[in-house]
Amino acid sequence: SQQGEEDPQALSIQEGENATMNCSYKTSINNLQWYRQNSGRGLVHLILIRSNEREKHSGRLRVTLDTSKKSSSLLITASRAADTASYFCATDAKNSGYSTLTFGKGTMLLVSP
Amino acid sequence: DVKVTQSSRYLVKRTGEKVFLECVQDMDHENMFWYRQDPGLGLRLIYFSYDVKMKEKGDIPEGYSVSREKKERFSLILESASTNQTSMYLCASSFLAIVNSRGGADTYSNQPQHFGDGTRLSIL
């Protein structure tokens, strides 16, 4: 079953604007991760936030995590055309033994010059 | 920098053929993964491996098998290719972190995955 679900499915903004993407999930997690995928390429890891963290920054990226609502958001500030990509959240469910990341279906971001 | 290399960017095969997709990583990662990505369906896990000669089924293992004879190499095999296996295939690797170890039972945390550039496979 799908653990992480991104919202919106697609987002179109102008350069310089901020972009916000949301992720909701269903079970307890160890961590939540955000990835970017440029068209026709593999995914690139952006940021990992642990379940005991509420906010994390990396350059123009800001990630928040609300474990009570089982949701996370990714904010890209002052977006650029080069930020055009699909963005995925992935959850690391809290299980005993081995488990794997569960990826959402992604938000497609288009940043126009 | 971690490098995950997939043997082909584009591949065209015929139905019924046995197809091998190869993936090599250079960071001594314990975990390796094979996903397929289809429009509207996102990433779906086919198989993963947490150690040499170990393999675990993912969400959609039917029609596929894997091989991990060496730590750095993880191969995906389509035993008899069919048109519904036309897709983008992504390989990834990661470290395995133990977050809790009590009474002989370990709990693991998934660390960031590093992806290859993908193989776009067409089955005709």
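Every chain is numbered from 1 and lettered A, B, ... according to where its sequence line falls, protein lines coming before strand lines.
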Chemist: Any side-chain heavy-atom pair from Asn110(B) and Thr91(A) closer than 4.5 angstrom?
Modeler: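 No; the side chains remain at least 4.5 Å from each other.
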Chemist: Rounded to the nearest 0.5 Å, what separates atom CG in Leu48(A) from atom CD in Gln113(B)?
Modeler: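 So the CG of Leu48(A) and the CD of Gln113(B) are separated by 11.0 Å.
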Chemist: Report whether Trp34(A) and Leu61(A) are members of the same hydrophobic cluster (ILVMFWY, side-chain heavy atoms less than 4.5 Å apart, transitive linking).
Modeler: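 Yes: a chain of side-chain contacts under 4.5 Å links Trp34(A) to Leu61(A).
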Chemist: Looking at Arg80(A), I'd like to know if its CZ atom is crowded, meaning that more than 12 non-hydrogen atoms belonging to other residues, nucleotides or ligands lie closer than 6.0 Å.
Modeler: no
Chemist: Measuring only between side-chain heavy atoms, which start at C-beta, is Thr100(A) closer than 4.5 Å to Phe33(B)?
Modeler: yes
Chemist: Consider only side-chain heavy atoms of I, L, V, M, F, W and Y, link residues closer than 4.5 Å, and tell whether Leu21(B) and Leu90(B) are in one cluster.
Modeler: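 Not linked; separate clusters.
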Chemist: Check each atom of Leu101(A) against the heavy atoms of chain B and say whether the ones under 4.5 Å are side chain, backbone, both or neither.
Modeler: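 Contact with chain B involves both backbone and side-chain atoms of Leu101(A).
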Chemist: Sort Gln9(A) into side chain, backbone, both or neither according to what part of it lies under 4.5 angstrom from a heavy atom of chain B.
Modeler: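 The answer is neither part of Gln9(A).
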Chemist: If two hydrophobic side chains count as joined below 4.5 Å and joins carry through other members, does Phe103(A) share a cluster with Tyr89(B)?
Modeler: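 No; tracing contacts between hydrophobic side chains, which count when under 4.5 Å, never links both residues.
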Chemist: A side-chain contact here means heavy atoms from C-beta on lying under 4.5 Å apart; do Arg41(A) and Arg9(B) qualify?
Modeler: yes
Chemist: More than 12 heavy atoms of other residues, nucleotides or ligands under 6.0 Å from CE of Met108(A): yes or no?
Modeler: no
Chemist: What distance do His114(B) atom NE2 and Leu43(A) atom CG have between them, rounded to the nearest 0.5 Å?
Modeler: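 These two atoms lie 12.5 Å from each other.
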Chemist: Donor-acceptor pair, Tyr35(A) side chain versus Pro112(B) backbone, under 3.5 Å?
Modeler: no
Chemist: Report yes or no: do Phe74(B) and Leu45(B) belong to one cluster of Ile/Leu/Val/Met/Phe/Trp/Tyr joined by side chain heavy-atom distances under 4.5 Å?
Modeler: no
Chemist: Same cluster or not: are Tyr35(B) and Leu121(B) linked, directly or through other Ile, Leu, Val, Met, Phe, Trp or Tyr residues, by side-chain heavy atoms under 4.5 angstrom apart?
Modeler: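 They do not share one cluster, since no chain of ILVMFWY contacts under 4.5 Å joins Tyr35(B) to Leu121(B).
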Chemist: Drop me the distance from Asp38(B)'s CG to Lys105(A)'s NZ, to the nearest 0.5 angstrom.
Modeler: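 Rounded to the nearest 0.5 Å, the CG-NZ separation comes to 11.0 Å.
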Chemist: With respect to chain A, which residue among Gln37(B), Arg44(B), Arg120(B) yields the maximal number of heavy-atom pairs within a distance under 4.5 Å?
Modeler: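 So the answer, after comparing Gln37(B), Arg44(B), Arg120(B), is Gln37(B).
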Chemist: To the nearest 0.5 angstrom, please state how far the NE2 atom of His45(A) sits from the CD atom of Gln111(B).
Modeler: 9.0 Å
